[in-house]
Protein chains: 2
Amino acid sequence: MTPRTDRETKILDVAADLLVRHGYRRVTIDDVAGAAGIGKGTVYLHWKTREELFGAVFAREISAAVADMVAALRADPAVALLHRFAAEFFLAILRRPLLYGMVIGDVQMWGKLVGSEVGYDGGRHNAVMASYMDVLAVRGLVRKDLAPPELTYAFQSVFEGFIYAEREVGSESTRDERARLLSTTVESAFSRPGIPDDALADEVAVLLSGLV
Amino acid sequence: MTPRTDRETKILDVAADLLVRHGYRRVTIDDVAGAAGIGKGTVYLHWKTREELFGAVFAREISAAVADMVAALRADPAVALLHRFAAEFFLAILRRPLLYGMVIGDVQMWGKLVGSEVGYDGGRHNAVMASYMDVLAVRGLVRKDLAPPELTYAFQSVFEGFIYAEREVGSESTRDERARLLSTTVESAFSRPGIPDDALADEVAVLLSGLV
DNA sequence: ACTTGACCAGATTTCAAATTTGGTCATACA
DNA sequence: TGTATGACCAAATTTGAAATCTGGTCAAGT
């Protein structure tokens with residue numbers, strides 16, 4: 001059954017490439033099939049609709065970013081701290097052309113797919129974020145004068161603010177510098193001093209894996 | 001010369017009302033003239049183009065919000081502190097249907113007018129913000145381990161993040177609560193303890209007046 | 001058993017005619 | 001004499017039908 005999975009991967013690879021180069025609207029199933037060296041019908045053996053195919057590309061892209069986060073977490077448990085997490089995730093998103101394009105080009109690249117429930121569940125994303133915040137709260141690693149739901153809301157606002165800001169960023173700073181700035185901001189806004197242990201990193205990694 | 005100004009005000013009032021009700025694209029100069037009870041040509045005695053007229057509406061709306069800020073500053077000098085300023089400005093924007101619509105409906109309400117230079121100069125906005133941050137830095141009212149340009153960038157990212165978040169906010173919190181949350185976030189992220197005096201409030205008020 | 005591309009209906013694009021609208025200015029009016 | 005107006009025009013926008021394209025199916029081929 002491996003060849004089947006291989007083909008699926010190949011199709012997703014090809015689709016991601018076309019998506020990055022031409023944008024959501026301009027890529028047809030025929031294009032994808034042609035570039036993958038197979039017939040159009042074969043694509044439909046894997047996904048029922050065009051939306052599902054591109055949704056799968058999107059989901060895989062997110063999964064890859066999340067996988068990066070898990071890897072970073074394993075390499076350095078301190079990434080479990082909210083401010084480190086923020087910077088790392090910021091970079092993980094901007095590093096991937098498709099996600100970056102989604103942020104910058106917005107509608108251009110993904111059309112109405114973003115926001116729709118195909119391929120990726122935004123609700124689950126929020127749920128995981130909330131759980132993560134709970135974990136941090138229990139360990140006393142975030143400020144205690146705000147409830148976890150408030151912290152989650154504020155954190156996401158800040159995070160998305162920095163992401164959106166990438167749209168009109170000049171050349172006065174590097175992306176790494178902006179990631180550090182986000183980290184510093186989040187740290188003083190929400191974090192409490194504390195040493196992260198491997199158990200915490202594991203717990204967060206498991207949470208994140210729920211998104212893959 | 002007062003009747004002329006009165007008529008200008010009337011036209012702007014009527015245009016703002018139509019804009020809020022039908023959106024940028026659907027409002028014609030004839031509509032505006034008709035609703036103001038004057039001929040179309042008369043509108044062109046005040047503004048050279050349609051874009052300039054709506055630009056003036058936009059500018060007046062911003063000016064009103066800024067005037068609110070100046071008033072708040074006079075009433076309570078503590079509003080000069082970055083976190084108080086943030087909450088107050090947040091509310092001043094969301095309180096005005098046209099600006100609120102710009103945030104929420106985005107393209108729907110303002111079309112390509114936003115981002116264009118007509119009626120309002122985004123560059124000046126940034127300059128004023130930078131000056132404001134300099135003033136705070138000189139008085140030691142913001143953290144010292146970040147340079148003012150970094151502080152400005154981070155603050156604007158956070159502020160806009162909270163504004164954007166209004167788009168998909170649920171009913172679990174009130175707008176005032178979200179303003180307080182923004183305030184708290186900004187305070188711990190960027191502020192340093194300090195007592196604001198009337199001189200500071202004046203200075204900031206003067207800066208802001210440069211936007212009117 | 002698996003793959004394919006011809007095929008079809010519905011969606012999208014084209015393109016020209018019809019309509020609307022921004023902007024002007026000769027005329028009316030105070 | 002100075003101000004206001006709406007008929008007027010060119011340009012932009014909308015409409016609508018024909019032409020084209022594309023998502024999705026499935027009978028035929030391997």
Side-chain angles (χ1 to χ4, degrees), chain A residues 1-19 21-59 107-114 116-119, chain B residues 1-19 21-59 107-114 116-119:
Chain A
M1 203 39 75
T2 293
R4 183 155 187 115
T5 306
D6 282 352
R7 192 172 60 187
E8 198 160 303
T9 303
K10 169 79 171 177
I11 296 174
L12 289 176
D13 288 345
V14 158
D17 179 53
L18 289 175
L19 232 26
R21 283 179 14 211
H22 305 301
Y24 180 80
R25 284 180 28 150
R26 295 177 193 277
V27 179
T28 71
I29 298 286
D30 260 330
D31 291 341
V32 173
I38 58 178
K40 174 159 69 157
T42 308
V43 172
Y44 284 91
L45 296 178
H46 291 271
W47 297 274
K48 259 207 278 288
T49 69
R50 179 184 124 109
E51 241 196 344
E52 271 180 45
L53 164 60
F54 289 135
V57 173
F58 182 48
V107 186
Q108 182 72 292
M109 169 127 4
W110 283 107
K112 57 201 167 184
L113 193 63
V114 172
S116 92
E117 307 282 313
V118 181
Chain B
M1 203 38 82
T2 294
R4 182 152 188 118
T5 306
D6 282 352
R7 192 172 60 188
E8 198 161 302
T9 304
K10 169 79 171 176
I11 296 173
L12 290 176
D13 287 346
V14 158
D17 179 52
L18 289 174
L19 233 25
R21 279 170 30 202
H22 306 301
Y24 181 80
R25 282 180 29 145
R26 294 177 192 275
V27 180
T28 73
I29 298 287
D30 261 330
D31 291 341
V32 174
I38 59 178
K40 173 159 68 159
T42 309
V43 172
Y44 284 92
L45 297 178
H46 293 271
W47 297 274
K48 261 207 279 286
T49 69
R50 179 184 124 109
E51 241 197 344
E52 271 181 46
L53 164 60
F54 290 135
V57 174
F58 183 48
V107 186
Q108 182 73 292
M109 171 132 356
W110 282 108
K112 57 199 167 187
L113 195 62
V114 171
S116 93
E117 307 283 310
V118 180

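Here is how names work: the chains are called A, B, and so on, in the same order as the sequence lines, proteins then strands, and each is numbered from 1.
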Do B/Leu12 and B/Trp47 pass the side-chain contact (heavy atoms from CB on, under 4.5 Å) test, and can you show the C-alpha distance, the side-chain angles, and the key distance before you say yes or no?
CA-CA 11 Å; B/Leu12 290 176; B/Trp47 297 274; 3.7 Å; yes
Test log, rule side chain to side chain donor-acceptor pair (under 3.5 Å), inputs B/Thr28 and B/Asp31:
CA-CA 5 Å; B/Thr28 73; B/Asp31 291 341; 3.3 Å; yes
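Side-chain contact check for A/Tyr44 versus A/Glu52: every heavy-atom pair is 4.5 Å or farther apart. Side-chain atoms of A/Lys10 and A/Ile38, non-hydrogen and from C-beta on, never get closer than 4.5 Å to each other.
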Between protein and nucleotides 20-23 of chain C, what N or O pairs are separated by less than 3.5 Å?
{"unit_1": "C/dG22", "atom_1": "OP1", "unit_2": "B/Arg50", "atom_2": "NH1", "d": "3.2"}
{"unit_1": "C/dG22", "atom_1": "OP2", "unit_2": "B/Ile29", "atom_2": "N", "d": "3.0"}
{"unit_1": "C/dG22", "atom_1": "N7", "unit_2": "B/Lys40", "atom_2": "NZ", "d": "3.1"}
{"unit_1": "C/dG23", "atom_1": "OP2", "unit_2": "B/Tyr44", "atom_2": "OH", "d": "3.3"}
{"unit_1": "C/dG23", "atom_1": "OP2", "unit_2": "B/Arg50", "atom_2": "N", "d": "2.4"}
{"unit_1": "C/dG23", "atom_1": "N7", "unit_2": "B/Lys40", "atom_2": "NZ", "d": "3.3"}
{"unit_1": "C/dG23", "atom_1": "O6", "unit_2": "B/Lys40", "atom_2": "NZ", "d": "2.4"}

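In this structure, A/Leu19 and A/Phe54 approach most closely via the heavy-atom pair CD2-CD2, 3.5 Å.
Protein atom CH2 of B/Trp47 is 16 Å distant from nucleotide atom P of C/dT24, rounded to whole Å. Rounding to whole angstrom units, CG of residue A/Leu45 and C1' of C/dT4 are separated by 9 Å. The interatomic distance linking A/Ile38 (CD1) with D/dT30 (P) rounds to 19 Å, in whole Å.
Under the side-chain contact (heavy atoms from CB on, under 4.5 Å) rule, A/Val14 has a single partner from A/Asp17, A/Ile11, A/Leu18, which is A/Leu18.
Note on B/Thr42: a side-chain N or O is less than 4.0 Å away from OP1 or OP2 of D/dT5.
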